[in-house]
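As structure tokens, the structure follows; a few thoughts come after it.
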Amino acid sequence: SQPPQAARGRDHNAIFKDRCCFHRSNAGETVAWSESVDTVLSNKEGLAAFRTFLKSEFSEENVEFWLACEDFKKTKSSTKIALKAQKIYSDFIQADAPKEINIDFHTKNDISQNISEPTLSCFDAAQSSIYCLMAKDSFPRFLRSEVYKELVKKHQDRNQKRWLPFL
């Protein structure tokens with residue numbers, strides 16, 4: 001399965017390039033989050049709100065897995081690659097993992113067979129599957145959630161007060 005149209009052909013790591021840290025969001029950006037799950041995932045406050053929402057739906061493991069994969073793909077040392085791959089596998093992939101993600105049998109099986117000699121792309125299929133699940137399923141519900149609506153309102157209020165200092 002492929003990521004949604006907006007994300008196809010995009011390097012997921014590109015959303016984090018040229019940023020030493022996450023930036024603060026403004027009211028316009030908060031509303032812009034509705035355009036793409038990438039926009040939310042690349043913003044500290046957006047990610048925190050999305051995570052809170054996923055926690056309320058008991059599916060926080062999806063964003064945690066996605067973030068772990070993003071971190072894993074930046075790993076340089078072969079020793080660390082093996083250690084991080086094993087941690088991701090034990091946390092999210094193996095049967096009865098504490099944060100087991102919902103992926104198809106074939107993807108899970110491929111990872112299980114190759115985990116002894118992991119590569120930086122060994123979780124790509126699972127990460128893509130989880131990304132699609134978040135983008136097509138969780139993200140639209142997030143945009144309708146109180147968590148998102150309250151955040152937009154907070155940013156609108158903050159923006160209004162910035163322009164109307166007497167409030």
Give a yes or no answer on whether the side chain of Ser90 reaches the backbone of Gln86 with a donor-acceptor pair at less than 3.5 Å.
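Between the backbone of Gln86 and the side chain of Ser90 there is a qualifying donor-acceptor contact (under 3.5 Å).
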With a 4.0 Å cut-off, would you call Asp104 and Lys108 a salt bridge?
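Salt bridge flag = no for Lys108 with Asp104.
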Salt bridge between Lys55 and Glu64, side-chain N to carboxylate O under 4.0 Å?
no
Quick check: Tyr148 with Phe53 (ring centres under 6.0 Å apart)?
no
Tell me, with the steps shown, if Ile81 and Phe72 meet side chain to side chain contact (heavy atoms under 4.5 Å, CB included).
CA-CA 7 Å; Ile81 288 171; Phe72 175 72; 3.9 Å; yes
Return yes if a side-chain donor-acceptor contact under 3.5 Å exists between [X] and [Y], otherwise no.
| X | Y | value |
| --- | --- | --- |
| Lys84 | Thr75 | yes |
| Tyr89 | Asn114 | no |
| Glu70 | Gln127 | yes |
| Ser112 | Asn109 | no |

If I take atom CG from residue Leu47 and atom CG from residue Leu67, how far apart are they, to the nearest 0.5 angstrom?
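Reported value, rounded in 0.5 Å steps: 5.5 Å.
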I need the Ile93 CD1 to Asp110 CG distance, nearest 0.5 Å.
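Interatomic distance, Ile93 CD1 to Asp110 CG, rounded to 0.5 Å: 11.0 Å.
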Tell me, with the steps shown, if Met134 and Phe139 meet side chain to side chain contact (heavy atoms under 4.5 Å, CB included).
CA-CA 6 Å; Met134 289 190 301; Phe139 186 65; 5.7 Å; no
Test side chain to side chain contact (heavy atoms under 4.5 Å, CB included) on Glu45 and Lys154 and set out the steps.
CA-CA 12 Å; Glu45 196 171 5; Lys154 181 175 101 178; 3.2 Å; yes
For Leu41 and Tyr131, what are the C-alpha separation, side-chain angles and deciding distance, and is it a side chain to side chain contact (heavy atoms under 4.5 Å, CB included)?
CA-CA 10 Å; Leu41 294 172; Tyr131 176 90; 4.3 Å; yes
Are Thr107 and Ser129 close enough that some pair of their side-chain heavy atoms sits under 4.5 Å apart?
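When only atoms from C-beta onward are counted, Ser129 and Thr107 do not touch, as no gap falls below 4.5 Å.
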